[in-house]
Amino acid sequence: SRLWAGQASRLWEPVGENVRYHQTAPREELRGFAFHGYTLAFDFTFSQGRAGSSRGDIVFFAMCMPFTYSMLQLSLRALAQDPSAGPLCKFRCLCGTLGDVRCDLLEISNW
């Protein structure tokens, strides 16, 4: 199923076969504790026969679909306008980022 029906759903799609996620051997110890890493691996075969593929395509792999600031703002707006969830939510500006982007604080309560 698609998470977003907008532009991102046309650009990102779940693919791959033989998906594996496992703990790797500890690499180092800090204060007597071993730290384990994790590996996500999968098989992907490039083929010219796939719909929409062509020579010169650039392919990116991501563990999850990228979630943009615009997507976040759309989700928060929809939450605020929802008749059952909206009254439980309060939004206020927590701070501005170095890029002069508003960073909201979302409070959820029945006040």
Applying ring pair (Phe, Tyr, Trp, His ring centres under 6.0 Å), can you list everything that pairs with Phe42, at least two apart in sequence or on another chain? Phe61

Under 4.5 Å between side-chain heavy atoms, chaining through other members, with only Ile, Leu, Val, Met, Phe, Trp and Tyr counted: pull out the rest of the cluster around Val101, sorted by chain and number. Tyr69

Under the side-chain contact (heavy atoms from CB on, under 4.5 Å) test, which residues partner Cys93, sequence neighbours left out? Arg102, Asp104

List in chain and number order the residues that pass side-chain contact (heavy atoms from CB on, under 4.5 Å) with Leu106, two or more places apart in sequence or in another chain; answer none if no residue qualifies. Leu76, Leu79, Cys89, Phe91, Ile108

At their closest point, which heavy atom of Tyr38 faces which heavy atom of Thr24, and how far apart are they? N-OG1, 4.0 Å

Enumerate the residue pairs fulfilling salt bridge (Lys or Arg N to Asp or Glu O under 4.0 Å) with a member in residues 33-44, sequence neighbours excluded, ordered by first and then second residue. Arg20-Asp43

Salt bridge (Lys or Arg N to Asp or Glu O under 4.0 Å) contacts in which one or both residues fall within residues 75-93, not counting sequence neighbours: Arg92-Glu107

How long is the span from the CZ atom in Phe44 to the CD atom in Glu17, to the nearest 0.5 Å? 9.5 Å

